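Beneath this line is the structure, given in C-alpha cells, with notes to follow.
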Amino acid sequence: DAKTTQPTSMDCAEGRAANLPCNHSTISGNEYVYWYRQIHSQGPQYIIHGLKNNETNEMASLIITEDRKSSTLILPHATLRDTAVYYCIVRASGGYQKVTFGTGTKLQVIP
Amino acid sequence: EPEVTQTPSHQVTQMGQEVILRCVPISNHLYFYWYRQILGQKVEFLVSFYNNEISEKSEIFDDQFSVERPDGSNFTLKIRSTKLEDSAMYFCASSGGTYLTTGELFFGEGSRLTVL
C-alpha cells in the first residue's frame with residue numbers, strides 16, 4: 001500500500017468545516033483513498049472512500065486532486081462528537097484487503 | 001444497521017492463562033480480521049481470515065495466537081499463554097458480501113484485555 005502523510009493534529013471550531021489534508025504521492029492507479037476515524041478508544045469507523053472523483057456521503061466529502069497525489073476530507077459542520085483521530089489510507093479495493101493504520105490526524109473540535 | 005459485536009468487553013487474566021476473544025461479524029460478510037491497539041499506540045493488523053483459513057498474518061501473530069470460525073457465525077481469537085505485553089484492545093472487523101466492491105471494513109467496539 002502507498003504511504004500517506006497527515007498532520008499530527010488540527011483544531012476546528014464547532015459548526016465550522018473541518019478540512020483534513022492527506023498526501024499520497026506514491027499512489028498507484030488501482031489504489032483507492034479511504035478515510036476512517038477512531039473516536040477515543042472505540043473501534044475504527046469507515047467514513048468514505050474514492051478513486052479519482054470527488055465523493056460525498058452523509059458523513060463527509062472527499063476531494064481528490066486531479067493528479068491523485070493528495071486529498072482532503074471535509075466535515076462540513078463539525079460537532080464535538082467529531083473529535084477523533086482521522087486516518088487516511090491508500091489501498092486497493094476488494095473485500096479481502098487489510099487496512100493498515102498510520103498515526104492519523106487528531107482532530108479536536110472546540111466549542 | 002448491522003454491526004460487529006465482540007465479547008467480552010473487558011477481560012482481566014493472569015499471565016500464562018489462555019484467553020478467547022469472541023466476535024460475531026456481520027452476517028453476510030466473507031472476510032474477517034483481528035486488530036489490536038496497545039494503549040496510546042497505533043491500531044495494528046494481526047490476521048485476516050477467508051474461506052475458513054488464514055489469508056494473511058502479521059509478525060505479531062505468532063504461534064501463541066490462533067483464530068477459528070467454529071460455527072459459521074462466531075469468529076474467535078485465542079491467545080494460548082498470555083504475556084504482559086498482550087495487554088491491549090482487540091478489535092474484530094469484517095468486510096465483503098454485498099459490499100465486495102467497496103472494501104470497507106466494519107469494526108466492533110473492541111475487547112480490552114488486561115494481563116496481570
Side-chain angles (χ1 to χ4, degrees), chain A residues 1-9 22 27-53 55-60 62 64 73 81 84-106, chain B residues 1-6 9-10 23 25-26 28-51 53-61 88-113:
Chain A
D1 294 341
K3 180 177 168 53
T4 63
T5 304
Q6 299 178 252
T8 304
S9 64
C22 179
I27 192 170
S28 59
N30 68 336
E31 290 181 317
Y32 288 68
V33 180
Y34 287 80
W35 283 83
Y36 285 76
R37 73 180 181 183
Q38 186 178 28
I39 297 172
H40 192 45
S41 293
Q42 297 178 22
Q45 178 188 25
Y46 165 82
I47 301 172
I48 198 168
H49 78 286
L51 183 62
K52 53 184 178 181
N53 296 321
E55 302 288 344
T56 295
N57 64 19
E58 65 278 4
M59 290 182 68
L62 174 60
I64 302 174
L73 178 75
R81 288 174 294 182
V85 179
Y86 287 77
Y87 301 97
C88 169
I89 295 157
V90 169
R91 68 191 265 271
S93 184
Y96 58 90
Q97 297 281 348
K98 72 178 187 288
V99 170
T100 301
F101 292 92
T103 52
T105 296
K106 169 68 176 172
Chain B
E1 184 176 315
E3 60 180 17
V4 175
T5 57
Q6 292 185 239
S9 55
H10 188 192
C23 169
I26 293 172
N28 66 341
H29 282 185
L30 302 175
Y31 307 97
F32 314 110
Y33 313 81
W34 283 101
Y35 286 77
R36 81 171 186 190
Q37 186 174 32
I38 295 170
L39 187 64
Q41 297 187 22
K42 294 190 301 185
V43 178
E44 300 175 289
F45 169 76
L46 291 178
V47 65
S48 58
F49 191 86
Y50 169 70
N51 200 24
E53 60 183 26
I54 291 173
S55 46
E56 187 175 356
K57 60 183 181 180
S58 71
E59 294 176 351
I60 303 167
F61 194 87
M89 183 73 92
Y90 289 82
F91 295 109
C92 173
S94 68
S95 73
T98 59
Y99 303 101
L100 272 172
T101 58
T102 67
E104 63 196 83
L105 271 62
F106 293 82
F107 285 81
E109 288 304 302
S111 293
R112 179 169 297 285
L113 176 64

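Fair warning: this is a prediction, and the values are worked out from it, not measured in the lab. Below, chains carry the letters A, B, ... as their sequence lines are ordered, and counting in each starts from 1.
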Checking heavy atoms, do the side chain of [X], its backbone, both or neither come under 4.5 Å from chain A?
{"X": "B:Q37", "answer": "side chain"}
{"X": "B:Y50", "answer": "neither"}
{"X": "B:E56", "answer": "side chain"}

Point-to-point distance, once rounded to the nearest 0.5 Å, from OH of A:Y32 to CD of B:E104:
12.5 Å
Side chain to side chain donor-acceptor pair (under 3.5 Å) partners for B:S55, two or more places apart
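B:S55 satisfies side chain to side chain donor-acceptor pair (under 3.5 Å) with B:S48 once adjacent residues are dropped.
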With sequence neighbours left out, what residues match A:Q42 under side chain to side chain donor-acceptor pair (under 3.5 Å)?
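Partners of A:Q42 under the side chain to side chain donor-acceptor pair (under 3.5 Å) test: none.
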Tell me the closest heavy-atom pair linking A:Y46 and B:L105, and the distance in Å.
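Smallest interatomic distance, heavy atoms only, reads CB-O, 4.1 Å.
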Within the 4.5 Å heavy-atom criterion, are B:S58 and A:K98 side-chain neighbours or not?
no
Is any side-chain heavy atom of A:V99 less than 4.5 Å from a side-chain heavy atom of B:Y33?
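A:V99 does not reach B:Y33 side chain to side chain.
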Distance-only, no hydrogens or angles: does the B:Y35 side chain make a donor-acceptor pair with backbone N or O of A:P44 under 3.5 Å?
no
Whether over 12 other heavy atoms sit under 6.0 Å from B:K42 NZ:
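No, the 6.0 Å shell around NZ holds no more than 12 heavy atoms from other groups.
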Look at atom NE2 of B:H10 and say whether more than 12 heavy atoms of other residues, nucleotides or ligands are closer to it than 6.0 Å.
yes
